[in-house]
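Just so we're on the same page: letters track the sequence lines, and every chain starts at 1. Just so you know, these numbers use all the heavy atoms, side chains as well, and skip hydrogens, waters and symmetry mates.
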Number of protein chains: 2
Amino acid sequence: MVRQSRKGTSPTMADVARLAQVSQQTVSRVLNDYAFIKPDTRERVLKAIASLDYRPNMAARTLATSRSRTIGVVASDYLSFGPASALFGVEQAASEEGYGVSIVSLRESNRETIAEALARLVGQSVEGIVMISPQDVSASAAFLSFDNVPVVTLSSVDTGEHTSIMYDSVEGSRAATQHLIELGHKWIAHLAGPAGFTVSESRIHGWRKALGAAHLVAADPFVCDWTAESGYLGGKQVLADPRFTAAYCANDRIAQGLLLALHEAGRVVPRDFSVVGFDDVPEAAYCIPPLTTMRQDFTKLGRRCIEALMVRINGEPPQEADPLLPVLIERSSTSRAPLP
Amino acid sequence: MVRQSRKGTSPTMADVARLAQVSQQTVSRVLNDYAFIKPDTRERVLKAIASLDYRPNMAARTLATSRSRTIGVVASDYLSFGPASALFGVEQAASEEGYGVSIVSLRESNRETIAEALARLVGQSVEGIVMISPQDVSASAAFLSFDNVPVVTLSSVDTGEHTSIMYDSVEGSRAATQHLIELGHKWIAHLAGPAGFTVSESRIHGWRKALGAAHLVAADPFVCDWTAESGYLGGKQVLADPRFTAAYCANDRIAQGLLLALHEAGRVVPRDFSVVGFDDVPEAAYCIPPLTTMRQDFTKLGRRCIEALMVRINGEPPQEADPLLPVLIERSSTSRAPLP
DNA sequence: GGCCAAATTGTTTGCGCAAACAATCCTGTT
DNA sequence: AACAGGATTGTTTGCGCAAACAATTTGGCC
């Protein structure tokens, strides 16, 4: 290692240039893969870079090019599996594209907090934003125009103004319910997600659709809030109505809560009661009994977000992607309806 | 809104200055809370800022001050609850300190990938780095000196070179085991974490410690890998030895897998067998039966990391924090040992 | 041998901001 | 009425880099 000329600060291109006996601009060219550099020169520069342990200063690069090579993520709830996986996918895909990821998390989601989060990211001059924040308000807040930073949201509302990436919740929900119908269940409860989430609505809708197609009656859904606790509480209500022999839950955690409520009530799953979840979180396969559920690949979802963002960033024409459909994973929490 | 002078680009301080009829420097002063600004001037500037919807350019600020107001996070596994919560805590605390958060995730952890991740963050001129990556190799790789960027790791090895923040796993483990001992269990299995994690070692150690103090024999731990699947598989092995009446698991997911194995074997928990987990993930309370476990507050852990980092960044003397102890949450997966 | 086009390198400039320094304007004093 | 010393604002400069433009060299060709 060669001692740096200035101490305390990292070496700059100028330092490299001096050592390699070229101009600063040539160093810049080597770093940016400019085509017309003599192999000999390039080598000298690279050696100087290595010897000084030079690392380019992103802030300066951003300032000079007005491209930050950074994308921002607004996440409201990456503590649960889905959003966390999506974040993972976003980071991976972004990093493969040579982008860094800045994250801002929301404690609560409303127009103000979202606007502030977006503003902070724009202030860091991110080139694009992914909103992993399934509340409806996120989608609407994304409309707030921020310079020309493209925004992609993870939600089922696709408004045209911004891109939205999501699994088809209506269809997934329909398929889940259909599975129970095919098993002979006539009264199928739905433990729904909370208000303010488009997916909640979509899942209710898909459930109703399947029920309607089979000429079965859809009771009011039991509104939960994605947590196991709410599923447990909702489960107690479901159990109060002896007609139900099955329930379709808006996610696996709700289903896990329901499973406990059933267990405590002495109802054996799936003999007495069938349960279907949604997401296929890692724990789903190890519930008692292992949970039948609709699998979604959230990591892929995150990658899709980056793809969509890159298209927008590079000004390419938007391309159609094949739709994302949850797939039924059949495990032991579902079986034929008990005889009346 | 006043029309910007230049189109396509965001307004700069110069634009604001022109509109407010002051110098660019005065705008800078207003933005940086310089004390001696005439209220009248300040107001004009603020009005101009609002009217232009001006937002400072972080890249320029970073370049001028060589402070990025950003901290980097290296995360290897934020898909599970603990690391995700820690990330959440880090982001919150950082944001309260006025810092942004850049994240780099690791697909696999070895010296090279970690070194590269650190290099990328340093390249973004982060002012500090938090490694949410509990593998031993992370701690060792953090030694790679990167300019003078302080690194804080989430792990139990505290080497002095860098700060390390973690709950006391040995003591937590001892307490968990002790709980089972007090319930009269004599043969207590341990479903351990995988090799390469200091916490795995610590938890084995704490378990042995409690057993030793009670003059009980510690069989070989059953090595798992933090997943429910491994707990399920490990559980089958535990069940092969009829002497065991209880098991202490290195985390809740392992415990959940064990619970399923017990259920399938017809062993009723806690009547026939007691189980203790670690972490108190949200699902723990809704396992069948609800899981006794050692609670850790990962969000707090994340906040601690930022505190430690701020101390280092601001060059303050390191201060002692009270130790973090997991607390026993007693639920229904533990009871007195069955009579022989 | 001279000429054109491509290859290769250098010089100047500005990105948007804050630090350093300089100038002016106050206020109450002696 | 002149002055010390703070209050308030302005001017110049440089952070590290890449874009734009300029200069020089090289190689091929008639």
Round to the nearest Å and state the distance from R29(A) atom CZ to dT9(C) atom C1'. 6 Å

Counting heavy atoms from C-beta on, name the nucleotide in dC17(C), dG10(C), dG16(D) closest to the side chain of P56(B). dC17(C)

Would one find a side-chain N or O of N57(A) under 4.0 angstrom from OP1 or OP2 of dC15(D)? no

Figure out the CG/P separation between D40(B) and dT9(D), and round it to whole Å. 8 Å

Distance, rounded to the nearest Å, where N32(B) contributes CG and dC17(C) contributes P: 11 Å

Could you check how far CD1 of I37(B) sits from C1' of dT8(D), rounded to whole Å? 7 Å

What's the closest nucleotide to the T65(B) side chain, out of dA18(C), dA18(D), dA7(C)? dA18(C)

dG10(C) P sits how many Å from R18(A) CZ, rounded? 14 Å

Take atom OH of Y34(A) and atom C1' of dT9(C), then tell me their distance rounded to the nearest Å. 9 Å

S28(B) side-chain N/O to dA19(C) phosphate OP1/OP2 under 4.0 Å: no

Let's go through N57(A) and S10(A) carefully: what are the C-alpha distance in whole Å and the side-chain angles of both, what is the deciding distance for side-chain contact (heavy atoms from CB on, under 4.5 Å) to 0.1 Å, and is it a yes or a no? CA-CA 9 Å; N57(A) 179 319; S10(A) 338; over 6 Å; no

Can you find a side chain N or O atom of T12(B) that sits less than 4.0 Å from OP1 or OP2 on dG16(C)? no

With sugar-phosphate meaning primed atoms plus P, OP1 and OP2, does T26(A) contact a base, only sugar-phosphate, or nothing at under 4.0 Å between heavy atoms? sugar-phosphate

Hey, which of these two, A64(B) or F36(B), hits DNA chain D nearer its 5' end, going by closest nucleotide? F36(B)

Under a 4.0 Å threshold between the charged nitrogen and the carboxylate oxygen, would R107(B) count as salt-bridged to E116(B)? no

Give T62(B) one of three labels, base, sugar-phosphate or nothing, depending on what nucleic acid heavy atoms sit under 4.0 Å from its own. nothing

Check every strand shown and say whether S66(A) touches a base, only sugar-phosphate, or nothing at a heavy-atom separation below 4.0 Å. nothing

Closest non-hydrogen contact found for P11(A) with D53(A) is CG-O, 4.2 Å

Test side-chain contact (heavy atoms from CB on, under 4.5 Å) on L19(B) and D15(B); report intermediate values, then the result. CA-CA 6 Å; L19(B) 185 59; D15(B) 299 323; over 6 Å; no

